[in-house]
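Contents: one structure, followed by commentary.
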Protein chains: 2
Amino acid sequence: MDITEADGRLLDAAEALFYEHGIQTVGMDRIRAASGVSLKRLYQRFPSKDVLVEAYLRRRDGRWRGALAEYVAARPSAAERPLAVFDWLEEWFGQPDFRGCAFINAYGELGTASPAVAEAVRDHKAEVLRYLHGLVRDAGAAEPGPVAEQLAVLADGAITTSAITGTPAPARSARQAASAVLEAAGFA
Amino acid sequence: MDITEADGRLLDAAEALFYEHGIQTVGMDRIRAASGVSLKRLYQRFPSKDVLVEAYLRRRDGRWRGALAEYVAARPSAAERPLAVFDWLEEWFGQPDFRGCAFINAYGELGTASPAVAEAVRDHKAEVLRYLHGLVRDAGAAEPGPVAEQLAVLADGAITTSAITGTPAPARSARQAASAVLEAAGFA
DNA sequence: TGGCGCGGAGAACGATCGTTCTCTAGGCTA
DNA sequence: TAGCCTAGAGAACGATCGTTCTCCGCGCCA
């Protein structure tokens with residue numbers, strides 16, 4: 001097993017365990033067991049749990065936004081792409097391992113204690129907002145900023161509400177609200 | 001110090017510490033120190049940390065919804081009360097100790113591990129939705145259900161977005177989106 | 001006044017955690 | 001083949017946590 005494979009297995013195990021059970025309840029030894037990578041190697045690649053947690057968040061950020069962007073980009077017209085975000089959310093919410101936003105969860109758990117985690121979470125949310133801003137702009141909005149911010153609020157609200165209630169329905173509520181927001185902003 | 005005072009001091013200390021630092025990072029001994037109640041008494045009143053956590057969440061639920069309802073009820077006309085919710089949120093977000101939704105944070109941390117916590121969180125969100133439903137109904141909506149769900153999503157989104165970005169601005173975004181939702185539902 | 005029970009302070013206990021250390025086996029080089 | 005470097009398995013260590021126990025002093029009742 002070379003180093004890149006070990007990194008991948010470690011991050012895969014960390015992501016699965018941290019996301020499902022929270023960060024503090026998952027010990028390093030559990031990640032070793034799930035990944036099959038020895039503890040020595042683990043600490044060679046990620047010198048502390050904090051570093052591993054930040055790496056987990058940053059890799060998940062890239063994958064998450066990549067999957068969203070890929071789904072949305074498949075829509076032929078730019079006008080329907082902002083609402084497509086909420087269709088993607090609904091699919092995500094229906095997956096059995098869905099447990100809310102990894103970043104919001106991490107922030108609630110460690111936002112006070114770990115500046116690195118807090119920054120990774122803020123970066124993620126900023127990137128999502130930037131992405132929504134582009135979608136809204138390309139859909140033809142004169143002033144995309146306020147609309148993008150409203151869509152970001154709706155997306156975060158849908159994620160947390162769905163996580164707690166256990167149903168994908170909030171995605172549809174958020175989509176309907178987003179539709180009202182877009183209509184009020186002047187483009188249907 | 002009698003029992004009701006000890007309970008109050010314990011719950012005050014637990015609420016301040018759990019909300020600010022998260023639940024797992026705060027030990028029972030820290031709650032003892034902050035409350036001035038001996039460890040023996042603490043365990044007499046709350047036989048385990050889980051019980052204390054649930055009590056913290058349930059008391060906070062009542063206080064939080066009470067404060068919101070009091071603020072909103074001061075609005076003279078029922079029609080403006082749904083939007084007043086977001087004015088209250090904005091005031092809350094501006095307070096220095098604001099750190100997001102205690103229930104979402106607790107759910108992210110312990111939702112998998114503690115069924116009692118998960119249930120308390122779900123109960124809180126259900127009560128908030130019920131409250132919003134009443135506001136929307138009293139404002140004159142023919143079908144208040146979908147509108148109330150959209151407002152609930154907006155409120156949760158505003159709370160988490162504000163917690164992470166550190167500004168009260170998402171309350172205004174959510175308010176504007178709520179206004180669009182209400183307008184689209186037929187009552188301006 | 002003398003014994004008794006309750007409450008407080010804090011030590012103690014067992015478990016767990018993040019992190020490091022030890023020991024050993026195996027593969028590469030000369 | 002002999003020596004050495006690496007890596008893995010897992011013990012070990014120090015800290016912390018939830019929870020319980022010990023010890024002591026103070027107030028109450030006969």
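Letters go in sequence order (proteins before strands), and every chain restarts at 1.
Taking 4.5 Å as the limit, some side-chain heavy atom of A/Leu52 sits within range of a side-chain heavy atom of A/Leu11.
For the helix from C/dT1-D/dA30 to C/dA30-D/dT1, the rotation axes defined at the first and last 5 base pairs enclose an angle of 20°, given to the nearest 10°.
Within 4.0 Å (heavy atoms only), B/Val26 reaches sugar-phosphate atoms of the nucleic acid but no base atom.
Going from atom CE of B/Met28 over to atom P of D/dT20 covers 10 Å, rounded to whole Å. For the pair B/Leu17 CG and D/dC17 C1', the interatomic distance rounds to 15 Å; values are reported in whole Å. B/Phe46 has its CZ atom 16 Å from the P atom of D/dT20, to the nearest Å. Atom C1' of nucleotide D/dA9 and atom CG of A/Asp29 are separated by 11 Å, given to the nearest angstrom. Put simply, CZ on B/Arg30 is 8 Å from P on D/dC17, counting in whole angstrom units. The separation between A/Leu39 atom CG and C/dC17 atom P is 12 Å, rounded to whole Å. Taking atom CZ on B/Arg32 and atom P on D/dC17, their separation rounds to 12 Å, with Å as the unit.
With B/Arg32 contributing its side chain and B/Ser38 its backbone, the two residues share no donor-acceptor pair below 3.5 Å.
Looking at residues two or more places apart in sequence or on another chain, you find a side chain to side chain donor-acceptor pair (under 3.5 Å) between B/Arg59 and B/Asp12, B/Glu15.
B/Arg60 forms a cation-pi arrangement with B/Tyr19, by the criterion of a distance under 6.0 Å to the ring centre and an angle within 45° of the ring axis.
If you take OG1 on A/Thr25 and CZ on A/Phe18, they are separated by 9.0 Å, rounding to the nearest 0.5 Å.
Residue-to-nucleotide contacts include a donor-acceptor pair under 3.5 Å from the side chain of B/Lys40 to the base of C/dG8.
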Derivation and outcome, side-chain contact (heavy atoms from CB on, under 4.5 Å), residues A/Asp61 and A/Asp123: CA-CA 9 Å; A/Asp61 170 48; A/Asp123 288 350; 5.9 Å; no
